[in-house]
Trainee: 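There's a structure below that I have some questions on.
Just so it is clear, the model here is predicted, and its values are computed rather than measured.
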Amino acid sequence: MELYRIWSLTLFLITVADLPQTASQDVQKRVSPDAYSSAPASIRTALKRQNCELPETQHWDQTRLNIVSGHFGDRAQTDWAAICIAPDGSTRALVFWGKSAPCPSKIDHGWALKSRFPPGKAGSLYLLAAPAKQILGYRKFFDDAHENPVTHEGVEVGGDEASIIYYCYRGQWLELQGND
């Protein structure tokens with residue numbers, strides 16, 4: 001009798017393993033910028049003009065993400081940053097400067113922005129503001145070789161695995177170690 005149960009269980013497991021696998025439930029869908037109603041209408045309109053869609057997740061433990069405000073170039077001005085997934089599935093981060101533009105408005109380099117997503121999908125992609133204190137903590141923990149001062153926020157882009165913090169310094173976006 002025991003041998004029969006083992007044989008039946010083995011046959012069941014083989015049958016189940018051979019069934020087609022469904023996509024992970026953790027894969028986010030893309031949504032229109034209008035789904036982020038807390039972002040200014042002008043930012044949402046600019047994103048739509050560039051044919052951007054965003055990951056559907058709008059907060060992570062009540063932390064705002066994917067369209068966020070912060071001080072990305074200087075503590076004295078408020079800026080906005082957003083993740084943009086283009087119709088072809090490519091990704092980039094866009095920064096909408098409050099006053100002056102100390103760095104380019106588009107970030108499209110680094111491994112975190114090299115993903116290409118199939119239509120309607122956004123993987124586990126996210127963007128959020130990285131406070132200076134967090135950047136300095138990562139720098140110390142990961143023994144980051146950058147020696148630039150950290151006086152304002154950065155733009156963090158990542159997924160389930162890890163992230164990169166883009167930090168505006170002397171007219172360019174530095175890639176700093178993010179969450180690993």
Side-chain angles (χ1 to χ4, degrees), residues 30 32-55 57-60 62-116 122 125-159 161-180:
R30 294 188 218 171
S32 165
D34 285 333
Y36 288 80
S37 58
S38 62
S42 60
I43 302 294
R44 291 180 285 150
T45 299
L47 289 165
K48 288 188 293 188
R49 246 186 272 124
Q50 294 188 46
N51 296 311
C52 293
E53 291 182 306
L54 293 86
T57 304
Q58 295 188 34
H59 62 82
W60 199 7
Q62 304 308 314
T63 300
R64 297 229 179 264
L65 65 154
N66 300 333
I67 298 180
V68 298
S69 64
H71 306 282
F72 303 123
D74 185 311
R75 287 183 288 197
Q77 75 179 36
T78 300
D79 312 302
W80 284 83
I83 196 74
C84 173
I85 305 173
D88 69 357
S90 63
T91 59
R92 63 189 182 271
L94 299 173
V95 179
F96 301 91
W97 298 108
K99 294 179 186 173
S100 65
C103 280
S105 297
K106 179 174 77 168
I107 307 168
D108 58 4
H109 55 85
W111 67 263
L113 294 169
K114 294 302 177 195
S115 298
R116 289 186 92 75
L125 186 65
Y126 68 85
L127 175 144
L128 51 84
K133 185 176 178 178
Q134 175 185 346
I135 296 169
L136 292 170
Y138 285 157
R139 178 176 278 177
K140 184 176 180 179
F141 183 80
F142 292 113
D143 199 25
D144 187 327
H146 288 92
E147 295 181 5
N148 62 290
V150 177
T151 59
H152 55 81
E153 293 172 288
V155 176
E156 185 172 2
V157 178
E161 310 80 34
S163 67
I164 291 179
I165 296 173
Y166 296 94
Y167 188 81
C168 180
Y169 183 67
R170 293 189 176 168
Q172 64 181 345
W173 290 104
L174 301 179
E175 293 179 28
L176 307 178
Q177 177 70 44
N179 191 14
D180 192 20

Trainee: Kindly state each residue pair satisfying side chain to side chain donor-acceptor pair (under 3.5 Å) with at least one member in residues 35-46, sequence neighbours excluded.
Mentor: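 Every side chain to side chain donor-acceptor pair (under 3.5 Å) pair that includes a residue of residues 35-46, provided the two are not neighbours, is Y36-N66.
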Trainee: Search all heavy atoms of N148 against all heavy atoms of L176 and return the closest pair with its distance.
Mentor: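 Residues N148 and L176, closest heavy atoms: OD1-CD2, 4.4 Å.
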Trainee: In Å and rounded to the nearest 0.5 Å, what is the CD1 to CZ distance from I85 to R92?
Mentor: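 So the CD1 of I85 and the CZ of R92 are separated by 10.5 Å.
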Trainee: Given 3.5 Å as the limit, does a donor-acceptor pair link the side chain of E153 with the main chain of H71, or not?
Mentor: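 Indeed, once roles are kept as given, a pair shorter than 3.5 Å links the two residues.
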Trainee: Quick check for you: to the nearest 0.5 Å, what is the distance between I43 atom CD1 and C52 atom SG?
Mentor: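 One finds 11.5 Å between CD1 of I43 and SG of C52.
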Trainee: So, for A82 and F96, which heavy atoms are closest and what is the spacing to 0.1 Å?
Mentor: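 What the structure gives for the nearest pair is CB-CE1, 4.5 Å.
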Trainee: Of all heavy-atom pairs between A81 and V155, which one has the smallest distance, and what is that distance?
Mentor: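 Closest approach of A81 to V155, heavy atoms only: CB-CG2, 4.1 Å.
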Trainee: More than 12 foreign heavy atoms under 6.0 Å from NZ of K140: is that the case here?
Mentor: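 Incorrect, the count does not exceed 12.
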Trainee: For E175, give me all partners under side-chain hydrogen bond (donor to acceptor under 3.5 Å, both in side chains), at least two apart in sequence or on another chain.
Mentor: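 Listed in chain order: H109.
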Trainee: Considering all heavy atoms of both residues, which atom of S100 and which atom of W97 are nearest to each other, and what is their separation?
Mentor: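 Closest approach of S100 to W97, heavy atoms only: O-CB, 3.3 Å.
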Trainee: Check whether D79 reaches the backbone of G98 with its side chain - one donor and one acceptor, N or O, closer than 3.5 Å.
Mentor: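 Yes, because the side chain of D79 sits within donor-acceptor range (under 3.5 Å) of the backbone of G98.
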Trainee: When rounded to the nearest 0.5 angstrom, what distance separates SG in C84 from CG in L127?
Mentor: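 Interatomic distance, C84 SG to L127 CG, rounded to 0.5 Å: 11.0 Å.
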Trainee: About how many Å separate OH of Y138 and CG of N179, when rounded to the nearest 0.5 Å?
Mentor: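 Separation between the atoms: 4.0 Å.
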Trainee: Got a sec, which pairs hit side chain to side chain donor-acceptor pair (under 3.5 Å) with one end in residues 164-174, sequence neighbours left out?
Mentor: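 The answer is H152-Y167.
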Trainee: At what distance, to the nearest 0.5 angstrom, does CD1 of I164 lie from CD1 of I107?
Mentor: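 The distance works out to 10.0 Å.
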Trainee: Sort and list the pairs that fulfil salt bridge (Lys or Arg N to Asp or Glu O under 4.0 Å) and have at least one residue in residues 62-73, not counting sequence neighbours.
Mentor: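 Every pair satisfying salt bridge (Lys or Arg N to Asp or Glu O under 4.0 Å) with a residue in residues 62-73: there are none.
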Trainee: Check T91, L54, L65 against L125 for a side chain to side chain contact (heavy atoms under 4.5 Å, CB included) and give me the one that passes.
Mentor: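 Checked T91, L54, L65 against L125; only one passes side chain to side chain contact (heavy atoms under 4.5 Å, CB included): T91.
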Trainee: So which heavy atom on K99 is nearest to which on A76, and how close?
Mentor: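 It is NZ-O, 4.3 Å.
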Trainee: Any sub-3.5 Å donor-acceptor pair from E156's side-chain atoms to S163's backbone N or O?
Mentor: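 No.
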Trainee: Taking all non-hydrogen atoms of both residues, which atom of V157 and which atom of A112 are closest, and how far apart?
Mentor: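 So the two residues come closest at O-CB, 3.5 Å.
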Trainee: With sequence neighbours left out, what residues match Y126 under ring-ring contact (aromatic ring centres under 6.0 Å, His included)?
Mentor: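 For Y126, the residues satisfying ring-ring contact (aromatic ring centres under 6.0 Å, His included) (neighbours in sequence not counted) are W60.
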Trainee: Could you work out, with side-chain hydrogen bond (donor to acceptor under 3.5 Å, both in side chains) as the rule, every residue matching S115, not counting sequence neighbours?
Mentor: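 Per chain and number, S115 pairs via side-chain hydrogen bond (donor to acceptor under 3.5 Å, both in side chains) with no residue.
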